Amino acid sequence: MNTTNPFAQGCAFIDGGFVPAGEARIPVLDYGFLRSDATYDVVHVWNGAFFRLEDHLDRFLRNVGRLRMTLPMDRAALRTTAIACIEKSGLREAYVWMICTRGRPAPGSRDPRRCENRLIVMAVPYVPYADDEQRRRGLNVVIAKTVRRIPPESVDPTIKNLHWLDLEMALFEAYDRGAENAVLLDASDHVTEGPGFNVFCVENGVVLTPDRGGLDGITRRTTIELCAELGIPCRVEPIAKDRFLAADEIFFTTSAGGVLPVTRIEGRILGNGAPGPVTARLGERYHAWHREGRHATPVRY
Ligand SMILES: Cc1ncc(COP(=O)(O)O)c(C=O)c1O
């Protein structure tokens, strides 16, 4: 471990300066904290290169605009700041968070239009969503019974947000039921997504992912593109719970680990209990894209 670099455990850009990530602070009066009034994005860095940085910037900037916020810098400066956080940290496997909070209202005001929005960019060490053993054997998951995903009509899940209580409580339910993770349904019993990932299933050789109710994940998009490259049919459409449970294969997608196989759902063992063949092919190609430098923005350390 590098003991001389103060940013070795992460580097944050906040209120115009760089600090070690562990020292970055926001005031408790920031509406981002008090009201979850914020949007964010997380891009991963693999082997010293960002993956799909421009797509993450597109999504973040679009969502900042949709929440009627403004950043203190333009896209080019944001890109430079994200890269600078990695350069300073020296991290070769990392996440870079970009967060825009509403900020504090002007003194004597409660008007969110009068808040000065706050930008935080931070590089932190990569912690995989699933460990090697979980990736090898596949995840054991449930469909949450005690909580549903927040309806898109209330909080739009395509605006990446910090309204995580439904996701978090579903995770607790999964642990209580002896599982490792949970998929959330919407009010009409269709699958949506889970805490930090999009969901897919494979039915008779066709890859399916829900058309609504979840984030437009960058890894989801990559997976749809991988299907096209590999000649695997892929459809984006509503998936009812019973259909999902009867699928041949299930997998999750996230920037925090790529394509994650599921081999047990609601106690049912999928296939022969090992990650399915379509899931495995997609997972391999996902890694190949990284090795080949597809969508890569290399960092000069
Ligand atoms: C709720 C939710 N859904 C899906 C995803 C996956 O999105 P991406 O592939 O862009 O990481 C995330 C990522 O953190 C998430 O928080």
Side-chain angles (χ1 to χ4, degrees), residues 36 38-46 50-64 66 82 93-100 122-124 126-130 139 141 143-144 147-152 154-172 174 181-186 190-201 207-227 234 236 239 244 250-262 279 282-283 285-287 289-290 294-295 297:
S36 296
T39 186
Y40 75 110
D41 221 287
V42 184
V43 51
H44 73 273
V45 171
W46 182 83
F50 283 83
F51 185 66
R52 303 198 83 140
L53 176 57
E54 297 307 319
D55 295 312
H56 284 275
L57 289 172
D58 283 345
R59 186 171 67 181
F60 181 60
L61 291 170
R62 186 172 64 242
N63 288 335
V64 166
R66 289 164 85 193
E93 322 291 335
Y95 299 116
V96 175
W97 289 62
M98 297 172 271
I99 309 165
C100 186
M122 60 179 181
V124 293
Y126 185 83
V127 178
Y129 203 92
L139 295 166
V141 310
I143 294 192
V147 62
R148 303 266 163 156
R149 187 76 179 107
I150 300 175
S154 301
V155 176
D156 184 344
T158 68
I159 303 179
K160 198 166 159 62
N161 63 71
L162 297 170
H163 295 260
W164 263 66
L165 286 183
D166 52 348
L167 302 170
E168 205 88 324
M169 289 301 107
L171 203 47
F172 274 95
N181 222 314
V183 171
L184 286 89
L185 300 175
D186 67 12
H190 288 83
V191 294
T192 61
E193 61 182 343
F197 54 82
N198 288 108
V199 297
F200 284 76
C201 64
V207 171
L208 303 169
T209 191
D211 58 338
R212 71 192 295 273
L215 180 69
D216 49 342
I218 304 290
T219 323
R220 173 177 178 270
R221 186 191 311 173
T222 302
T223 304
I224 293 168
E225 292 172 7
L226 289 168
C227 286
C234 177
V236 178
I239 307 173
F244 190 67
I250 291 174
F251 62 90
F252 300 157
T253 62
T254 168
S255 297
V259 176
L260 305 175
V262 170
T279 307
L282 290 167
R285 262 325 273 163
Y286 179 81
H287 284 291
W289 275 25
H290 284 68
R294 295 269 281 267
H295 299 291
T297 304

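One-based numbering, in listed order, for ligands and for the atoms of each. Everything numeric here is computed off the predicted structure, so don't read it as measured data.
Contact annotation for Tyr95 and ligand 1: no heavy atom of the residue comes within less than 4.0 Å of the ligand. In Thr219, the parts holding a heavy atom less than 4.0 Å from any atom of ligand 1 are both the side chain and the backbone.
Ile218 N, 2.8 Å is the protein heavy atom nearest to atom 10 (O) of ligand 1. Nearest non-hydrogen protein atom to atom 15 (C) of ligand 1 is Gly196 CA, 3.4 Å. In terms of protein heavy atoms, atom 11 (O) of ligand 1 is closest to Ser255 OG, 2.7 Å. At the top of the distance list for atom 2 (C) of ligand 1, counting protein heavy atoms only, stands Glu193 OE1, 3.4 Å. Ranking the protein heavy atoms by distance from atom 6 (C) of ligand 1 puts Asn198 OD1, 3.7 Å first.
Per-residue contacts place Gly217 under 4.0 angstrom from the following atoms of ligand 1 (heavy atoms of the residue considered): 7 (O), 8 (P), 9 (O), 10 (O). Taking a cut-off of under 4.0 Å to the non-hydrogen atoms of Trp164, the atoms of ligand 1 that pass are 16 (O). Near Arg59, meaning under 4.0 Å from one of its heavy atoms, ligand 1 places the atoms 10 (O).
Between His56 and ligand 1, no pair of N/O atoms sits closer than 3.5 Å.
The aromatic rings of His295 and Phe51 stand perpendicular to each other, their planes meeting at an angle above 60°, with 30° marking the opposite boundary. Taking the six-membered ring where tryptophan is involved, the planes of Phe197 and Phe252 are essentially parallel, since the angle between them stays under 30° and well short of 60°.
The closest approach between a heavy atom of Lys160 and any atom of ligand 1 is below 4.0 Å. Contact analysis leaves His44 out of contact with ligand 1, as no non-hydrogen atom separation drops below 4.0 angstrom.
Considering Thr39, Asp41, Thr158, Asp216 as possible partners of Arg62, the one that fulfils the side chain to side chain donor-acceptor pair (under 3.5 Å) test is Asp216.
Scanning both residues, His163 and Ser36, for their nearest heavy atoms gives NE2-O, 3.6 Å.
The six-membered or imidazole ring of Tyr95 lies near that of Tyr126, with a centre-to-centre distance under 6.0 Å.
Taking 4.0 Å as the cut-off between side-chain N and carboxylate O, Arg294 and Glu225 do not count as a salt-bridged pair.
The structure places OG1 of Thr219 at 12.5 Å from CG of Leu282, a figure rounded to the nearest 0.5 Å. Here the OG1-CG distance, from Thr192 to Leu167, works out to 8.0 Å after rounding to the nearest 0.5 Å.
Side-chain atoms of Asn198 come within 3.5 Å of backbone N or O of Leu215 as a donor-acceptor pair.
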